[in-house]
Amino acid sequence: MLKKNWPVVALIALLVAGLVAPLATGASPVGFYVEVLLGGLMTGVLYSLVALGFVLIFKASGVFNFAQGAMVLFAALAVARMAEVMPWWLAALLAVVIMVILAWLIERLVLRPLVNQEAIALLMATLGVTYFLDGFGQTVWGSDIYEINLGIAKEPVMILDTLFQGGILVNKEDFVAAIAAAALVAALALFFQKTPTGRALRAVADDHQAAQSIGIPLNRIWVIVWSVAGVVALVAGVIWGAKLGVQFSISQVALKALPVVILGGFTSVPGAIVGGLIIGVGEKMAEVFLGPVLVKAFDLAGGGIENWFAYMLALLFLLVRPEGLFGEKHIDRV
Amino acid sequence: MLYRENGQFKTSYAADQQMLPIRQDQLFMIALLVFAFAVIPFIASDYLVRAILIPFLILSLAALGLNILTGYCGQVSIGHGAFMAVGAYAAYNIAIRVPGLSFLVVLVLAGLAAALVGMIFGIPSLRIKGLYLAVATLAAQFFFDWVFARVKWFTNYAPSGSVSVPNIDLFGFVLDTPQRKYLFVLAIVALFALIAKNLVRAQVGRSWMAIRDMDVAAEVIGIRPMAAKLSAFAVSSFYVGVAGALWGFIHLGSWEPLAFSITLSLNLLFMIIIGGLGSILGSFFGAAFIVVLPIFLNQAPTWLGIPISTGMISHLEFMIFGALIIFFLIAEPHGLARLWAIGKEKLRLWPFPH
């Protein structure tokens, strides 16, 4: 087992080594290190949420949904703009309705006519959806930077200052966000495991034809799955928007969900969560601790390696373990 | 009535296998080339040449490159904007570090540099395919965006990070007017299109298509997947690298790393979808479509007298782009090239229904 998987083990060992190196070599104070770690985890939660939407759709319909990022942006814009005239929770509820309608439209206008096409045609179609949603969202909701105010204090709180020198600064908002994300994942797990609809969804994910032959309506399942993905996108959008403001760049940063699902496995919900956290922490650590070293060594004009770190990590993983950490192993000759 | 091959008998294999077997097609192609080389430079306005024809030709070349990989070999790439960047920056660095080198040599070297990089990022294609590969090429995109923005050597320590190049001197013939640039680009694109057309008809092209259609079967009949895939990556990146060098040196003149962002990669992908996957002609149709559509969308409100802000236009452009892509995928998955072929088929029978 170990012999066969040595590249994976080596890669993970390298990652772990990179993770503890700043601490072990004493290059950074403990408090600062933990802050970076927490910041990375927070970003990771956001990546996880976007990746979760990806995985849900991929499992149920085999569609590689490039538009997940655009859906996050669209939902966030909707909440941000509607929250200007009503309480934010009402805006969020309305946005849920909008996302369900959107899911229905996508199923009707895009997926149904393209049924039985190759996966690549469907990928291109979701690219089209991405462009459309980016344009449509900004036409309807405007293209400035908007804020989502959830009414949580933004001041950082100092904790554990008795334990290390300097303590650790954490955002209360981040904690709420992490809890919200965890609650969402738990709710989804319950929905998938305990409700009849969830069972139907899992059946479709396992085998389209078998599911159809026992009378599960595929079209309706797809609408439901896209709606659920839309709601996940909404939660991600609200958290993201509350943290960093709602703007166009969300749509592109959300592309990082792609390396996350590669890392975690295309068909694995836990994989999306763990992958998101690994990538979030990894890129933040790389940026903060590896970045300056690289800048010094190669005389670069600034860091910014977090822009590609996730993709390169995914590329390495593809080479040693294409099915991801938790994905189903399929034998597929290339 | 006119477009008929009646009476055109082939008496040798060479005649049967030529690139354009129907005489009317040959005449049309000759007329098109004469028109493009000898007439357009004299009748087209500077604006038309500079803002439409030159970008159209260069993007056609890039789309052609991507089509070789995605359309003919079936390997999806969302990173071809990065390979264009590699071509452009390679050309820039070769041009400033080796003064006096002919631009033609620079162009070939830039293409080779891009081909090398393309092959390196094509290595994952030996183990993975389809959507996974798309993510691998996406890594190339973001990595090179970063490399050219941050590594000062590539931009020759320019403080702003953007580079600019002088007009090209080709054996004493300076490419300074839009018309001259156009002729140069046209010659290159025509040459590369001819090579591509013949490559895909040759053994290597057939092996690409075999891999695309069914890789296991292709392997069984003796095609080496590694050679086929890597050669597709190399040729494709070579084309795209040359296109990138032309884009930088002739179309832009001065550029910054953002000029080759993921938007460009996606646009290239759209070109070959709309134009037609696996079609040389389709690459040209797609490029024309993508170049002309934004200009049209920008102008249309003014023609119609509807006041729309430029911001709104760019959003509408996104929407129309997205909607059109979905429309094309549903209505005609084989793109404009297929419509062209249907039109030709109909023309052969016209005016009779069968």
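Proteins come first, then strands; the chains are lettered A, B, ... in the order of their sequence lines, and each starts at number 1.
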Asker: Let me know if A:I305 has heavy atoms under 4.5 Å from chain B in its side chain, its backbone, both or neither.
Answerer: both
Asker: Would you mind telling me which of B:L316, B:L266, B:L277, B:T155 has the largest number of heavy-atom pairs within less than 4.5 Å of chain A?
Answerer: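 Answer, by heavy-atom pair count under 4.5 Å with chain A: B:L266.
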Asker: Are B:S207 and B:I223 packed together at the side-chain level, in the sense that at least one heavy-atom pair is separated by less than 4.5 angstrom?
Answerer: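 Yes, close enough: below the 4.5 Å cut-off.
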Asker: Take B:N156 and B:R97 through the side chain to side chain contact (heavy atoms under 4.5 Å, CB included) test and state the conclusion after the steps.
Answerer: CA-CA 9 Å; B:N156 201 20; B:R97 279 165 223 280; 3.8 Å; yes
Asker: Which answer fits B:V76, side chain, backbone, both or neither, if we ask what part of it has an atom under 4.5 Å from a heavy atom of chain A?
Answerer: side chain
Asker: Near B:F296 CZ, under 6.0 Å, is it more than 12 heavy atoms from other residues, nucleotides or ligands?
Answerer: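 Result for CZ/B:F296: open.
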Asker: Could you walk me through whether A:I101 and A:L105 pass the side chain to side chain contact (heavy atoms under 4.5 Å, CB included) check?
Answerer: CA-CA 6 Å; A:I101 295 173; A:L105 284 176; 4.3 Å; yes
Asker: Check side-chain contact (heavy atoms from CB on, under 4.5 Å) between B:I326 and all other residues, then give those that pass, not counting sequence neighbours.
Answerer: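 side-chain contact (heavy atoms from CB on, under 4.5 Å) list for B:I326, sorted by chain: A:V110, A:V129, B:I330.
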Asker: Counting only non-hydrogen atoms closer than 4.5 Å, does B:L133 touch chain A with its backbone (N, CA, C, O), its side chain (CB onward), both, or neither?
Answerer: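 Neither part.
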Asker: A:F66 versus chain B, heavy atoms under 4.5 Å apart: side chain, backbone, both or neither?
Answerer: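 For A:F66, side-chain heavy atoms alone lie under 4.5 Å from chain B.
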Asker: Where on B:T137 is there a heavy atom nearer than 4.5 Å to chain A: the side chain, the backbone, both, or neither?
Answerer: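 Contact with chain A: none, neither part.
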Asker: If you count heavy-atom pairs within less than 4.5 Å of chain A, which of B:F270, B:F327, B:F321 leads?
Answerer: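 Maximum pair count with chain A is reached by B:F270.
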Asker: Answer with side chain, backbone, both or neither: which region of B:P333 has an atom nearer than 4.5 Å to a non-hydrogen atom of chain A?
Answerer: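 Contact with chain A: side chain only.
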Asker: Check whether B:I262 gets within reach of chain A through its side chain, its backbone, both or neither, counting any heavy atom under 4.5 Å.
Answerer: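 Looking at B:I262, just its side chain touches chain A.
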Asker: Give a yes or no on this: more than 12 heavy atoms of other residues, nucleotides or ligands lie within 6.0 Å of atom CZ of B:R224.
Answerer: no
Asker: For residues B:I290 and B:P294, report the shortest heavy-atom separation together with the two atoms involved.
Answerer: O-CD, 2.9 Å
Asker: With a 4.5 Å heavy-atom cut-off, do A:W226 and A:I57 have their side chains touching?
Answerer: yes
Asker: Taking side chain as everything from C-beta outward and backbone as N, CA, C, O, which of these in A:L318 sits under 4.5 Å from a heavy atom of chain B? Side chain, backbone, both or neither.
Answerer: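 Both backbone and side chain of A:L318 come within 4.5 Å of chain B.
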Asker: Give, as side chain, backbone, both or neither, the part of B:F328 having an atom under 4.5 angstrom from any heavy atom of chain A.
Answerer: neither
Asker: For chain B, which of A:N307, A:D134, A:L127, A:T130 has the most heavy-atom pairs under 4.5 Å?
Answerer: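 Result: the option with the highest number of such pairs is A:L127.
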Asker: In the structure I gave you, are the side-chain heavy atoms of B:W255 and B:V163 within less than 4.5 Å of one another anywhere?
Answerer: yes
Asker: Using only non-hydrogen atoms and a strict under-4.5 angstrom cutoff, which residues of residues 138-145 of chain B touch chain A?
Answerer: B:L138, B:A139, B:F142, B:F143
Asker: Less than 4.5 Å apart, side chain to side chain, heavy atoms only: is that true for B:S279 and B:R338?
Answerer: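 No; the side chains remain at least 4.5 Å from each other.
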Asker: Between B:F318 and B:H315 (judged by ring centroids, cut-off 6.0 Å), do the two rings come close enough to count as a pair?
Answerer: no
Asker: Do B:I274 and B:F285 touch side chain to side chain, with heavy atoms closer than 4.5 Å?
Answerer: no
Asker: Which atoms of B:F154 are under 4.5 Å from chain A, going by heavy atoms: the side chain, the backbone, both sets, or neither?
Answerer: neither
